Amino acid sequence: MSESKNENILDQVTNEEYKYGFYSDIEMDMAPKGLTEETIRFISAKKNEPDWLLEFRLKAFRYWQKMEEPDWALISHPPIDYQDIIYYAAPKKKKELESLDEVDPELLDTFNKLGISLEEQKMLAGVAVDAVIDSVSVKTTFQDTLAKHDIIFCSFSEAVQNHPDLVKKYLASVVPVTDNYFAALNSAVFSDGSFCYIPKGVRCPIELSTYFRINAANTGQFERTLLIADEGGYVSYLEGCTAPMRDENQLHAAVVEIITMDDAEVKYSTVQNWYPGNKEGKGGIYNFVTKRGLCKGKNSKISWTQVETGSAITWKYPSCVLHGDNSVGEFYSVAVTNNYQQADTGSKMIHQGKNTKSTIISKGISAGKSNNSYRGMVRIGRKAENARNFSQCDSLLLGDQCGAHTFPYIKSANETAVVEHEATTSKISEEQLFYCQQRGIDMEKAIGLIVNGYAKEVLNKLPMEFAMEAQKLLAITLEGSVG
Amino acid sequence: MLLNIKNLHVAINGKEILKGLNLSVNKGEVHAIMGPNGTGKSTLAAAITGRENYDITKGEIIYDGETINDMAPDIRANKGIFLSFQYPVEIPGVSMTNFMRTAINAQREFNGLEAIPAGEFLKKMEEMKKLVDINTKLTKRSVNEGFSGGEKKKNEIFQMAMLEPKLAILDETDSGLDIDALKVVARGVNELRSTDNAFVVITHYQRLLDYIVPDFVHVMYDGRIVKSGGKGLAFELEEKGYDWIIDQEDE
């Protein structure tokens, strides 16, 4: 992490309310409230989907109806009325768009407020952005560069139309529809998301990123993301979220699946900044996410890096199934909770192949009256000779009204495996704060500095584009949490 | 007068530690505060720098013509008060370089200046590192993390050199230092001495004062300054210990 980055972050700490709390008024094309087979048929028809996908959705829906919402996480919220949610909303498409000029100016304005000017990103950052507002993707950029390498990067809906074989082959191959309550729900009603395929031997020359954004009141957002890196392929994928300020709780249940073949590598980085609710704990996003990668091939690698600062509730366990021999799974996480936020997050590392390695570094930061839990599982299968895991779970507490919890589960069925787990809990000490203040650094900046220092190990894993934003978020999220 | 402390009473959790302390420090002066353990020397440092939970129940601290009793610690720092800590704390993950730059820029912002240009900053770092014999590797490490006792103290003087305070308080800077490190620290302080700044050197032993020669020596006992004198007083204390003063005081 460069010093100047730290500087910038600290300079930009301000006392403003949740910065991205606005919403744009775009003509919506909505499904009626509630969830029935009709709703699903409506969504599928809207998206002009093939029969097999409608069947897939219906199967998931029928299964979901028999399931019960899980209650094992250390979170609490009023019951979610799944019939009081609108499951599909899309900006009305008037015609096919050829360039940015044709995009709804209000939509562009929204991007500008978010600081994601597509044009600017195109020119400056070298990042291809597949921007999702609500459910339908707008124009993607950098398609030409990607096309040159035969990389497919498009919205999920486009992939269904243009690459149905790939979608059919890999969809739900890592997260089956029956996996869990929220994954089943997503499988039934997902509206859109991203699809990426890296062909054999191709290293994607640019960082891929998608911005998700909830934009319409009472609209659940159900993204579906599918990333496949074929033999020897490589891609670094960035996902970032902001959401407008609303009083109603909004449900968000995404599913991300990653598959890596022999010698392939996927780096998946997230900065999650959904609206966390206000200081009294009113409002905020319920974020129930299933993210899982399958290291299918030998010597393949999947890295999850996440910075979680938003959402009223975060329920999320990016995981790796290490199937191929010598495959590697990594999970680096910083989760910050303030005010009344609740986070139950962690990772699962499932070792199946020989000589598989996994690393879990989790840094929880709790402030206010929030609750922050690490929940993780390391499972070593019978055939996973010489498997190795190292887990480190640190908790940092700000104040004395917040909670930090660690729930590590380890199951080993192979005696050659080595599993290490380290955990610490610490507080920002009065001494540290005073030391900074005595050097002229005010309280807010001091907290930002100390917290970013604490999280450095994880922040260093983020691509440049995200590291800065992440640092800023950490500082902003913790404003007013001490003193 | 740079610092004028009048009848200062300070309590921690309701327990009075300073009981009517008076001290005046002018620019260009070095004052040594000596005395047995537990007489309130470090409390004085904490009160001047504005540490939390050190409640001023009576009296005044006037710095540069302004009463600072209720001023936030970072404002005091930015107005030129520096404390070399007795026990410098570790801040994991924050490099010395980053920490120093953040501090300097906070000070510059306070004074209405632009952030320090990278080149100027690095040049100053190099210069000041030499002054206190600090290894370059040290400034790349996290603040005080894994520093030896001597390195921590040198690092405090290094920060002082970088921030150029008007009033520097050295709290037991000599404790835990071997003679070589002590000389380095003293050299640093002597280099920085000028007619524009002042030093308050808190020490238990006379040893440091062989190298940082004070203009005034004060003896603290039971929350007050009970005896003041020139540098000769330090030698007298070295020879006779504190008991003769304490005896006088308790009579």
Side-chain angles (χ1 to χ4, degrees), chain A residues 1-14 332 334 361 363 365 392 394-396 399 424-461 467-468 470-471 474-475 482-483, chain B residues 45-46 48-54 71-85 87-111 115-118 121-122 125 139-140 142-145 156 159-160 162-163 165 169 171:
Chain A
M1 186 112 3
S2 83
E3 309 308 337
S4 60
K5 267 201 274 172
N6 268 325
E7 283 314 303
N8 281 333
I9 298 324
L10 293 168
D11 286 348
Q12 287 172 33
V13 173
T14 58
Y332 301 101
V334 177
I361 307 284
K363 303 268 183 181
I365 301 163
Q392 185 187 325
D394 298 330
S395 307
L396 185 69
T424 66
T425 300
S426 52
K427 278 190 157 192
I428 288 190
S429 68
E430 184 271 330
E431 275 174 277
Q432 285 173 325
L433 286 175
F434 181 65
Y435 193 80
C436 293
Q437 285 181 289
Q438 212 303 303
R439 299 302 186 245
I441 302 164
D442 68 38
M443 183 80 99
E444 297 283 350
K445 279 185 187 163
I447 292 169
L449 194 67
I450 294 167
V451 164
N452 275 308
Y454 165 79
K456 195 178 190 176
E457 211 180 334
V458 173
L459 297 178
N460 278 346
K461 298 288 175 187
M468 259 191 78
Q471 287 195 326
L474 291 194
V482 167
Chain B
I48 297 171
T49 49
R51 189 156 189 167
E52 211 182 331
N53 300 326
Y54 288 76
M71 192 180 278
D74 50 301
I75 308 288
R76 299 185 201 205
N78 285 326
K79 282 177 181 275
I81 299 177
F82 180 92
L83 173 63
S84 166
F85 284 77
Y87 304 109
V89 69
E90 297 180 1
I91 308 179
V94 179
S95 75
M96 247 339 278
T97 309
N98 182 31
F99 181 73
M100 212 58 256
R101 182 142 69 171
T102 306
I104 281 191
N105 282 336
Q107 192 185 55
R108 289 174 70 109
E109 192 186 328
F110 183 82
N111 292 319
I116 190 166
F121 174 73
L122 291 174
M125 287 272 287
T139 49
K140 288 188 177 145
S142 298
V143 178
N144 293 318
E145 203 178 39
E156 293 293 294
Q159 293 176 54
M160 183 176 83
M162 289 295 288
L163 292 166
I169 303 160
D171 189 5

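Bear in mind that the values here come from a model prediction, so they are computed numbers and not experimental data.
By number of non-hydrogen pairs under 4.5 angstrom with chain A, the leading residue of B:S142, B:A77, B:A118, B:P88 is B:A77. Of all the listed residues (A:Q437, A:Q432, A:E431), the one sharing the greatest number of non-hydrogen pairs under 4.5 Å with chain B is A:Q437. For chain A, the option among B:A103, B:A106, B:P165, B:A72 with the highest count of heavy-atom pairs below 4.5 Å is B:A103.
Although no hydrogens or angles enter the test, the distance criterion places a donor-acceptor pair under 3.5 Å between the side chain of A:Q438 and the main chain of B:I81.
When heavy atoms are compared at a cutoff of 4.5 Å, B:L83 approaches chain A by way of both its backbone and its side chain. For B:N144, the part lying near chain A is the side chain, with the backbone staying farther off; criterion is any non-hydrogen pair under 4.5 Å. For a residue to count as touching a neighbouring chain, one of its non-hydrogen atoms must lie under 4.5 Å from one of that chain's; by this rule B:R51 touches chain A with backbone and side chain alike. Heavy atoms closer than 4.5 Å to chain B are found in the backbone of A:Y454, but not in its side chain. Only the backbone of B:E90 comes within contact range of chain A, with at least one heavy atom under 4.5 Å from a heavy atom of that chain.
Taken from CD in B:E52 to CD in A:E430, the straight-line distance is 5.5 Å, to the nearest 0.5 Å. Between atom CG of residue B:N98 and atom NZ of residue A:K456 there is a gap of 7.0 Å, rounded to the nearest 0.5 Å. Remark: A:N452 CG to B:I91 CD1 distance equals 12.5 Å, nearest 0.5 Å. Atoms CZ and CE, from A:R439 and B:M100 in turn, are 7.0 Å apart once rounded to the nearest 0.5 Å.
Considering only heavy atoms from C-beta on, A:L449 comes within 4.5 Å of B:T102 through its side chain. Two residues are said to be in side-chain contact when any heavy atoms from C-beta on lie closer than 4.5 Å; B:V94 and A:C436 fail this criterion.
Not a single ring pair (Phe, Tyr, Trp, His ring centres under 6.0 Å) links A:Y332 to another residue, sequence neighbours left out.
Note: B:F85 and A:F434 have perpendicular aromatic rings, judged against thresholds of 30 and 60 degrees for the angle between ring planes.
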